[in-house]
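Hydrogens, waters and symmetry mates are skipped; everything else that's a heavy atom, side chains included, is used.
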Amino acid sequence: MKKGFTLMEILAVLLVIAVVVSMAVPVFRSVRFEIRNGQAQTASKKLAEAMRMYYQVSRGLGVQEDCFIPSTDAGENVLLASPATCVSPSSDGIPYQNSTTQNASRSAISQLFACGYLSYKDFLGLPYEFCTCNPVRGGAQPEKCQITEATGSNTPFVVVRGADGAGNKYTKDDYYIFVDQSMKVADSAE
């Protein structure tokens, strides 16, 4: 009696393995994108909470309306802002931003990272565009903050949109994550 496997038996096993792998890869890819989407929702909530906390601590100094993508060089510059770049508090202990821009009464997003309100670890490598919005009633909103769920005084704190690498479902123009004034995280698919 011969011991071992025939070529046909080996090919049959390889065929079964190939079929199983071809069915599993899309599932794993979808799960990976869902995990990233969950991380983006968590990061957007932390960003909104940091904006609110900064506003309260600074007694009315908001964060500029701006966007950043953590996975790009420009976004990494925002995330990895050195603690040394945290703007010194004024004589009464309230942080301020020395700025000659039109929005001088608001602080840059990088200040949230530099002053310790946010950790870069929550954002680094996420392929999403995070936009901070002006929650003050009647404030002019950047185009990316204008979403259908924002009606009347319900301007979002944060709007997140997919960037390259976020997965096809999340890079569509009609899909976004947002944090409203009640600090609830939602997305346009709900």
Which heavy atom of [X] sits nearest to which heavy atom of [Y], and what is that distance?
X: Q181; Y: R52; answer: O-NH2, 3.0 Å
X: S110; Y: A81; answer: O-CB, 3.7 Å
X: S182; Y: D180; answer: OG-OD1, 2.6 Å
X: V185; Y: S44; answer: CG1-OG, 4.0 Å

In the single-linkage hydrophobic clustering (I, L, V, M, F, W, Y; side-chain heavy atoms under 4.5 Å), do [X] and [Y] co-cluster?
X: L11; Y: V13; value: no
X: Y54; Y: V179; value: yes
X: Y117; Y: F130; value: yes
X: F5; Y: L14; value: yes
X: Y175; Y: V158; value: yes

Quick one, [X] and [Y] - any side-chain contact, counting heavy atoms below 4.5 Å?
X: L112; Y: M51; answer: yes
X: I147; Y: P156; answer: yes
X: I177; Y: N37; answer: yes
X: R36; Y: Y128; answer: yes
X: F68; Y: N77; answer: no

Quick check for you: to the nearest 0.5 Å, what is the distance between [X] atom [atom1] and [Y] atom [atom2]?
X: T72; Y: E129; atom1: OG1; atom2: CD; value: 9.0 Å
X: F123; Y: L79; atom1: CZ; atom2: CG; value: 7.0 Å
X: L124; Y: L80; atom1: CG; atom2: CG; value: 6.0 Å
X: F178; Y: K45; atom1: CZ; atom2: NZ; value: 12.5 Å
X: I109; Y: Q111; atom1: CD1; atom2: CD; value: 11.0 Å
X: F157; Y: L47; atom1: CZ; atom2: CG; value: 10.5 Å

Open item on the list: Please tell me whether C145 and C131 are bridged, where bridged means their SG atoms are separated by under 2.5 Å.
Closed with: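 Cysteines C131 and C145 do not qualify as a disulfide pair, their SG atoms being 2.5 Å or more apart.
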Open item on the list: Looking at K46, I want to see if its NZ is surrounded by more than 12 non-hydrogen atoms of other residues, nucleotides or ligands under 6.0 Å.
Closed with: no
Open item on the list: Treating T132 as the side-chain partner and D66 as the backbone partner, does any N or O pair qualify as donor plus acceptor under 3.5 Å?
Closed with: yes
